[in-house]
Protein chains: 2
Amino acid sequence: MEASQDHHPSTSSRIGTTGSSTGVGERQRERIIRAATLVFSRKGYDGARVEEIARSAGIPKGNVLYYFKTKKTLYRVVIEQVLSLWLDALGNIAVDGNPEEAIRQYVNRKLALSRNYPEASRLFAMEVISGAPVINDHLSGELRLWVEEKGEVFRKWQQDGLMAKIDPAHAFFMIWVVTQTYADFEAQIQAVTGAKGYAQEIYTDATGDVVEALVRGLGLKRDT
Amino acid sequence: MEASQDHHPSTSSRIGTTGSSTGVGERQRERIIRAATLVFSRKGYDGARVEEIARSAGIPKGNVLYYFKTKKTLYRVVIEQVLSLWLDALGNIAVDGNPEEAIRQYVNRKLALSRNYPEASRLFAMEVISGAPVINDHLSGELRLWVEEKGEVFRKWQQDGLMAKIDPAHAFFMIWVVTQTYADFEAQIQAVTGAKGYAQEIYTDATGDVVEALVRGLGLKRDT
DNA sequence: GGAAAAGTTGACCATTCGGTCAGTCCCGGT
DNA sequence: ACCGGGACTGACCGAATGGTCAACTTTTCC
């Protein structure tokens, strides 16, 4: 909940309302953002059509452009929201406590994220595959710092013999990519497994195995 | 090397030539396919522009449409070529021999693939994230069969206590996604690690760690 | 050498796209 | 009742897009 950078309607008034509704068309804004996330996540920025976003939101195209002056503005807002969701979920990895439990929790948290917001995960993946033209700065800024910081924790664990000696950054890549697979490659997994009730079945089945495999792969031990 | 389904020029004559050049414009065809792979892998089908593909191939747009009647035809050819590359690389996992070595080889083979053909990997990822509208049949057909078949091998290993008890399909997902990360998420990895000579540094550094982590994660043992 | 086939090109067309805009609707305040 | 402004809409515009085509050049084959 942040990231506004546009035009006429925004979080400007909001003070003068009766007190109950938080902004009149604020609902519309979120409707549009939700629809845009969906379309952008499937087609990418260039492939997405404003009118399709509008249709998906159930409103005319003109109305979309009323809230977001340009397609690019809308994309920025959407992807920045997705990114902040992603970064928030990175959260804290408990420095103390035992590594195994810490990572187990972290993995589960990320797994839940891509289960609950698969479109967000896909949009993020799309952006990165496209070369991250929009969020590159965020990646080499905030994310990089986060990795360096948390990487130190990994290094400490490794020195204590509680974690396999893997370049911390690559350990993160491995965790991230594995947890996101089930959202990003849903189509492939669905095709291969022939799953019907995808959301429920797969996640429940896979979660356990995957977490264990990761913990094992990273050689995480319980602090004694 | 197959997959032609278009228009006038194709692998029609080829017999009558002097013997040296295998078709005159056959080079062009491949030029175009290479360029198309690049553009499609960054923008996806809808986002890619025929003219951009043409520019990337260094020829006028009209010439591209001469070899491939429509954008869709070109995309089909390109992605089917990528898919066959992918499926070929699946190759055989040695049924006998020790599991650890078998998977180690398999992972290394896939890792090499995404190092040598990162655009192919990205294009495949894009297609799947978009919902695999074109290759869905292939995935639920050939790929699914392959997984079921090779999954049996995994199950046998598991019964012999040579592999952790993970749903075989998910074991494959894990292997695939980890090996593809370095191609698909290159932008992110580059941003986070600040790597300059990406292609060389990262792959050399990561390969070892990743392979070990996977082998460990899948609980693979050497047959004794 | 010459004609047919294959290859190449820029001009051109219909459609679609992102974005603008004038005008309408709906609301609370006075 | 009336006003003013935010919310909304469909018609519209210029630019870009996928695709066609007729003219032209090159290659192939007898």
Side-chain angles (χ1 to χ4, degrees), chain A residues 4 6-33 35-36 39-40 42-78, chain B residues 4 6-33 35-36 39-40 42-78:
Chain A
S4 291
D6 349 10
H7 49 94
H8 7 132
S10 66
T11 336
S12 53
S13 50
R14 181 189 289 192
I15 323 145
T17 42
T18 2
S20 55
S21 59
T22 323
V24 193
E26 205 66 14
R27 296 237 176 257
Q28 288 291 63
R29 265 185 94 81
E30 281 166 31
R31 259 178 92 81
I32 294 170
I33 289 181
V39 175
F40 279 133
R42 290 293 189 185
K43 308 287 190 70
Y45 174 75
D46 290 304
R49 303 298 152 197
V50 174
E51 206 244 301
E52 194 185 347
I53 294 174
R55 206 182 323 131
S56 167
I59 60 179
K61 184 181 68 167
N63 203 0
V64 171
L65 275 311
Y66 169 73
Y67 282 96
F68 303 89
K69 265 241 261 288
T70 68
K71 183 186 174 185
K72 186 163 275 171
T73 306
L74 176 54
Y75 184 73
R76 281 237 177 74
V77 171
V78 167
Chain B
S4 292
D6 351 9
H7 48 91
H8 8 133
S10 65
T11 333
S12 52
S13 51
R14 182 190 288 193
I15 324 145
T17 44
T18 2
S20 55
S21 60
T22 323
V24 192
E26 205 66 12
R27 296 237 177 257
Q28 289 289 63
R29 261 185 97 80
E30 281 166 32
R31 260 178 91 81
I32 294 170
I33 289 181
V39 175
F40 279 134
R42 291 292 191 186
K43 308 287 191 68
Y45 174 74
D46 291 302
R49 303 297 152 199
V50 175
E51 205 245 303
E52 194 184 348
I53 294 174
R55 206 182 323 130
S56 168
I59 60 179
K61 185 181 68 170
N63 204 359
V64 171
L65 275 312
Y66 169 73
Y67 282 95
F68 303 90
K69 266 241 260 290
T70 68
K71 182 185 172 184
K72 186 163 274 170
T73 305
L74 176 54
Y75 184 74
R76 280 237 177 76
V77 171
V78 167

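Each chain gets a letter, A, B and so on, in the order its sequence line appears, and its residues count up from 1. What you see below is based on every heavy atom in this structure, not just the backbone, and it leaves out hydrogens, waters and symmetry mates.
- No N or O donor and acceptor, one from the side chain of A:K61 and one from the base of D:dG10, sit under 3.5 Å apart.
- Rounded to whole angstrom, the span from the CZ atom of B:R55 across to the C1' atom of D:dA16 amounts to 12 Å.
- Between the NZ atom of A:K69 and the P atom of C:dT20 there is a distance of 7 Å, given to the nearest Å.
- Atom CD1 of A:I33 is separated from atom CG of A:L74 by 7.0 Å, given to the nearest 0.5 angstrom.
- Ring geometry for B:Y75 versus B:F40: interplanar angle over 60°, hence perpendicular rather than tilted (30 to 60°).
- With A:E52 as reference, A:K43 is the one residue of A:R42, A:K43, A:K61, A:K71 to meet the salt bridge (charged side-chain N to carboxylate O under 4.0 Å, His left out) rule.
- Neither OP1 nor OP2 of D:dA7 sits under 4.0 Å from any side-chain N or O of A:Q28.
- Comparing C:dG19, D:dT9, C:dA6 by their nearest atom to the side chain of B:Y66 picks out C:dA6.
- Comparing C:dG19, D:dT9, D:dG19 by their closest approach to the side chain of B:L65 singles out D:dG19.
- Between the C1' atom of C:dG19 and the CG atom of A:L74 lies a distance of 14 Å, rounded to the nearest Å.
- Summarising the geometry of A:R49 relative to B:D46, their closest heavy-atom pair is NH2-O, 3.5 Å, with the distance given to 0.1 Å.
- A straight line from CZ of B:R27 to P of C:dG7 spans 14 Å, rounded to a whole angstrom.
- Nearest heavy-atom pair across A:I53 and A:A35 is O-CB, 3.7 Å.
- Contact annotation for B:A48: backbone-only contact, meaning every heavy-atom pair under 4.0 Å involves sugar-phosphate atoms and none involves a base.
- Look at CG on A:N63: it is 5 Å from P on D:dC8, rounded to the nearest Å.
- Relative to the side chain of A:R49, the nucleotides D:dC8, D:dG18, C:dC17 differ in distance, and C:dC17 lies closest.
- Which of C:dG19, D:dC8, C:dG7 sits closest to the side chain of B:Y67 comes down to C:dG7.
- Distance A:E51 CD to D:dT9 C1': 14 Å, rounded to the nearest Å.
- Here the CG-CZ distance, from A:N63 to A:R31, works out to 10.0 Å after rounding to the nearest 0.5 Å.
- Taking atom OH on B:Y75 and atom P on D:dG18, their separation rounds to 15 Å, with Å as the unit.
- Separating the CD1 atom of B:I53 from the P atom of D:dA16 is a distance of 18 Å, rounded to the nearest angstrom.
- Considering only the side chain of B:K71, D:dG19 comes nearest among C:dG7, C:dG18, D:dG19.
- Taking OG1 of B:T73 as the start and OH of B:Y67 as the end, the distance is 15.5 Å to the nearest 0.5 Å.
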Identify each atom pair where a protein N or O and an N or O of nucleotides 13-15 of chain D are less than 3.5 Å apart, giving names and distance.
none

